[in-house]
Amino acid sequence: MNMKKLFLFIATVFLAVSCSKSDSFLQTNDPLVLTGYNGIRTRTHFGTPEGSRIPYFWSDGDYIWLGSVKSNAISGDCRQAQFVWSNPPSTIGAYHIFYNMTGNARSANILAEQSADGILGNDGDFGYAVADEYGVFCLDHKTSYIWFDTKAECKLPKLVSITVTAAEGLALAGECEFDYTNNQWGTTVTNGTNEIVLDFGEGAELQATNEGVFAAMVTLPAAIGGTELTVLYTFADGSTYTEVKQPKKDLVSGDTQRISTTIAESDLKKPEPEVTYELRVLTFEDVDAKFDSYTLDYAGAEIGTWSDLIDDPQYGGPLTYADYQSAEYKWYDEGNTELAHTFPYNYSYCFWGGGHAISHYWGEGWSDEDRDKHIAKYYGEDYVAENAGNDAMLGWFNLQLMIPVEAHSGENFAVHYGYKDDNSYIENLPEISFRDGEARVIDHMYVTNTNYTLNQLYNGVKSEAGNNFGGNWEGLTDEAWMKIVAQGFDDVDADAYAEPVSELEFYLVQGRDVVTDWQKWDLSALGAVKKVRFNFRYSEEMGGRYGFTIPGYFAYDDIAVRFEK
C-alpha cells in the first residue's frame, strides 16, 4: 500500500456515490445482498493517490454485520462491494449495519498493536450505517484516526514502529460497545490502554520532503485536546526519536489528527550497546571480602579481612616494611574480581621498592601545618611535641598512605607506590593480575593523588632529611604535567622487560589543574589482559639527578572487572 501525499489531498477529496435500485434486494427467497460504497467517509483501505484524488477501497476479506449476523467476506479490493448473507437473519428491521473486523457486531475492539499496511479494518476501524430501501449504504465511521506524515532530512535506518502515548486515563485502544440507538459510544472501555504501537513490519524507508511515509492508526475517540501526546519513532538499528505534541482538539468520531515530522540523523538517540557482561567490583571493604584467610609469615599476621592489611604506622609498619627486606605483602580478591597483588621484588620485598598497600587513612589539607596536624592524629600529640622541628621524624613520608578525601566508597582503598625511569633503581613495577590466569577487561577504577604528593607538587621538593629526591622542583607551573600509565599484558608471567600489548594514560597534573578528589579512569581500552602494570610519566622539570622528583604515589578504589555472561 502506497500512502504518499495523502495529507496534501485529504481535505479536498470527495468520492461521489450513485445508487441504483436492486430488484433482488426485495426478493425474500434469494440471499440477502447489501451494496456498500466506499469513499472518503469510509476509508477502510486507501491506495496510491491518482492525481488530486486518493482512492479508497473495501479490502479483500472485509465483511459487515447486520445486527449480530456477519456477512460473507468479499474477495478483492473494490470501491463498491456487495455483501451477501446466504442465510440472512430472520429479522432484518431497519438494516443496522456495523463494519467491525476485530470485534463482534456493535462491540468494537481497537487494537493496541496495529499494522501500517493501510488496512484499517484489521486494526479496529469501526463504522455504522443504515441501508436505504434499495439496500445501499455508505459507512459513517465512529472511530478516530491519527495520520502520520514522516520524512527524513537524509538517509536513516528503516522506520519499524511509531508509538503514541496519551495521558494516563485516556483510552486510545480497548473494547467498547457502540450505542447505535443514541449514536454514541458507551462509557466503559474494557482492557483500555493509553498507548498504541503502529508496526511497519520489515521497516519503511523515510524519504525527503514531499516523499515521506504515510501511515494511520485507529483510535477510540478521546479528549486529548490540551493534553500531551508522546510520539516515539523506532528505527531498525534500535535508535529512537521522541517528540511531544499538544493537540488543540479532541479525537472525535470520524475525525483525524495529522502529525507531520521531519527527522534528522542528529535527532536520533542511539541505542545503548547490549551489555554482555556483569561488572564485579573490588571495593577493599570487609563486607565484600570473599577470600580465604591467609598468613603474612614474615609479620606473623593473620589476614581475614581487607582491614587486616592496613599497616600501622604508615611508614615502617610491620606489614609493609617488617625488617625492610622481607615484607612480601600480598592480597587476592578471590571469588570476586580474581585480581591479586604482591609487592614486586626490587632487590628485596618492601614498600620502599614499590607496591599496592591497603589504607583507610585520610584527612583534608596538604600544607606543612596540615602535616603536623595529621601526624598528631595518627602518631599522637606527644610524638609531635617530642620531635618538633625534626624533619627526619616529622616528614610527609610518615603519611604516605593518606589521601585528602574519604574512600570512593566505604572506608578502604589502595595506595600505589613505585615508578621506573632511566634513573630509578626499580626493576619490577607494581602490578595487579588475574590470579586464575584468565584474560579479562578491567572496565574502570577511581584514582586520586595522595596528600604527600600534593604537598610536594604545590610547595616544591624540600631537602628535609629522608625527603630529598635530588631535584630542584619549586612548585607548579603552567607547563607541568604528571600522569599514570597503565600497561596491559596478555601473559601473566611477563617479565620486567616484556612489551605491553596495550597502554593507557591518566593525567593527575595538567599545568595548575591537579586532581584532589576521586576521578573515574576508563581502562576498558586496554582490552582483555591478564595483568596491568602501573608507572608514572612526568614533565621535564619534575626530573632530578635521581629521576622522578615528585613522590610516585597515587590512590585507587573500586576497580570494576567485566565477566562475560
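A salt bridge between Glu177 and Arg106 is present, with a side-chain N of the basic residue lying under 4.0 Å from a carboxylate O of the acidic one. Checked for salt-bridge contact, Asp140 and Lys142 meet the test: a charged N lies under 4.0 Å from a carboxylate O. A salt bridge links Arg280 with Glu278: the closest approach of a Lys/Arg side-chain nitrogen to an acidic carboxylate oxygen falls below 4.0 angstrom.
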Next on the checklist: Using side chain to side chain contact (heavy atoms under 4.5 Å, CB included), reason through Trp518 and Asp558 one step at a time and then give a plain yes or no.
Outcome noted: CA-CA 11 Å; Trp518 290 106; Asp558 293 335; over 6 Å; no
Next on the checklist: Run Trp521 and Phe554 through ring pair (Phe, Tyr, Trp, His ring centres under 6.0 Å) and show every step you take.
Outcome noted: CA-CA 13 Å; Trp521 185 8; Phe554 74 90; 7.1 Å; no
Item to check | Pair Ile97-Phe83, side chain to side chain contact (heavy atoms under 4.5 Å, CB included): steps then yes or no | outcome: CA-CA 11 Å; Ile97 295 165; Phe83 294 93; over 6 Å; no
Checklist entry - Given Leu172 and Met217, is the side chain to side chain contact (heavy atoms under 4.5 Å, CB included) satisfied, shown in steps? => result CA-CA 10 Å; Leu172 297 181; Met217 67 171 53; 5.9 Å; no
Item to check | Intermediate values then yes/no, ring pair (Phe, Tyr, Trp, His ring centres under 6.0 Å), Tyr180 and Phe98 | outcome: CA-CA 9 Å; Tyr180 68 91; Phe98 307 102; 5.6 Å; yes
Checklist entry - Should Gln487 and Val529 be marked as a side chain to side chain contact (heavy atoms under 4.5 Å, CB included) after you check the CA-CA gap, both sets of side-chain angles, and the distance that decides it? => result CA-CA 9 Å; Gln487 297 176 328; Val529 294; over 6 Å; no
Next on the checklist: Apply salt bridge (Lys or Arg N to Asp or Glu O under 4.0 Å) to residues Lys290 and Asp333 and explain how you reach the verdict.
Outcome noted: CA-CA 7 Å; Lys290 296 181 179 180; Asp333 189 27; over 6 Å; no
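Atom-to-atom distance recorded for Leu34:CG and Ile64:CD1 is 5.5 Å, nearest 0.5 angstrom. To the nearest 0.5 Å, atoms CD (Gln184) and OG1 (Thr181) are separated by 10.0 Å. Of the inter-residue distances, the one linking Ile259 atom CD1 with Lys245 atom NZ reads 6.5 Å to the nearest 0.5 angstrom. Between Ile442 atom CD1 and Phe434 atom CZ the span is 4.5 Å, to the nearest 0.5 Å. With rounding to the nearest 0.5 angstrom, the CG atom of Leu111 is 11.5 Å from the OG1 atom of Thr193. Going from atom CG of Asn100 over to atom CH2 of Trp65 covers 7.0 Å, rounded to the nearest 0.5 Å.
When all heavy atoms of Tyr145 and His141 are compared, the pair lying nearest together is OH-ND1, 2.7 Å. Arg440 and Thr337 make their closest contact through NH1-O, 4.4 Å (heavy atoms, listed as atom of the first residue, atom of the second, distance). Residues Val281 and Asn336 approach most closely at O-ND2, 3.0 Å, considering heavy atoms. The heavy-atom pair separating Ala215 from Leu198 by the smallest distance is CB-CD2, 3.7 Å. Nearest approach of Ser86 to Pro31, heavy atoms of both residues: CA-CB, 4.3 Å. Between Trp85 and Ser71, the shortest heavy-atom contact is NE1-N, 3.4 Å.
Counting non-hydrogen atoms of neighbouring residues, nucleotides and ligands closer than 6.0 angstrom, the CD atom of Glu113 reaches no more than 12 such neighbours. Crowding of Glu265 atom CD: a count of heavy atoms from other residues, nucleotides or ligands under 6.0 Å not exceeding 12. Enclosure of atom NZ in Lys565 by more than 12 non-hydrogen atoms of other residues, nucleotides or ligands within 6.0 angstrom is indicated. Atom CD of Glu272 has 12 or fewer heavy atoms from other residues, nucleotides or ligands within 6.0 Å. Remark: Lys249 NZ is packed, more than 12 non-hydrogen atoms of other residues, nucleotides or ligands lying under 6.0 Å away. Annotation for Lys270: atom NZ counts as buried by contact number, over 12 foreign heavy atoms lying within 6.0 Å. For Glu364, the CD atom sits in a loose shell: 12 or fewer heavy atoms of surrounding residues, nucleotides or ligands are nearer than 6.0 Å. Heavy atoms of other residues, nucleotides or ligands lying less than 6.0 angstrom from CG of Asn87 number 12 at most.
The side chain to side chain contact (heavy atoms under 4.5 Å, CB included) test with Leu523 singles out one residue from Asp443, Ile559, Leu504, and that residue is Leu504. With respect to Thr143, the side chain to side chain donor-acceptor pair (under 3.5 Å) criterion is satisfied by exactly one of Asp255, Asp123, Asp125: Asp125.
Not a single donor-acceptor pair under 3.5 Å links the side chain of Asn122 to the backbone N or O of Met101. Of the possible polar contacts, one joining the Asp557 side chain to the His408 backbone as a donor-acceptor pair under 3.5 Å is found. In this structure, the side chain of Ser433 does not engage the main chain of Lys530 through any donor-acceptor pair within 3.5 Å. Checking side-chain atoms of Thr262 against main-chain N and O of Lys151 turns up no donor-acceptor pair under 3.5 Å. Under the 3.5 Å distance criterion, the side-chain polar atoms of Asp250 are matched with a main-chain donor or acceptor of Gly225. Judged by distance alone, the side chain of Trp185 and the main-chain N or O of Cys176 form no donor-acceptor pair under 3.5 Å. When atom types are taken as modelled, the side chain of Gln114 and the backbone of Leu120 share no donor-acceptor pair closer than 3.5 angstrom. No side-chain donor-acceptor contact under 3.5 Å links Trp481 to the backbone of Tyr507. Checking side-chain atoms of Asp237 against main-chain N and O of Ser239 turns up a donor-acceptor pair under 3.5 Å. Side-chain atoms of Glu285 come within 3.5 Å of backbone atoms of Asn412 as a donor-acceptor pair (strictly under, hydrogens ignored).
The shortest side-chain heavy-atom distance between Thr234 and Val197 does not fall under the 4.5 Å cut-off. Considering only heavy atoms from C-beta on, Trp306 stays 4.5 Å or farther from Thr283 through its side chain.
Side-chain atoms of Gln519 and Asp517 form a donor-acceptor pair, as typed in the model, at a separation below 3.5 Å. With 3.5 Å as the limit, one finds a donor-acceptor pair spanning the side chains of Asp62 and Tyr99. There is no side-chain donor-acceptor pair under 3.5 Å between Arg258 and Thr256.
The aromatic rings of His444 and Tyr446 sit perpendicular, their planes meeting at an angle over 60°, well past the 30° parallel limit. Between Tyr128 and Phe178, the ring-plane angle classifies as tilted under the 30° and 60° cut-offs. Classification of the Phe534-His356 ring pair by plane angle, with boundaries at 30° and 60°, yields tilted.
Within the cation-pi definition used here (under 6.0 Å to the ring centroid, within 45° of the axis), Lys70 qualifies as a partner of Tyr63.
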What donor-acceptor contacts under 3.5 angstrom involve side-chain atoms of residues 157-166, with partners at least two apart or in another chain?
| unit_1 | atom_1 | unit_2 | atom_2 | d |
| --- | --- | --- | --- | --- |
| Thr165 | OG1 | Glu195 | OE1 | 2.9 |

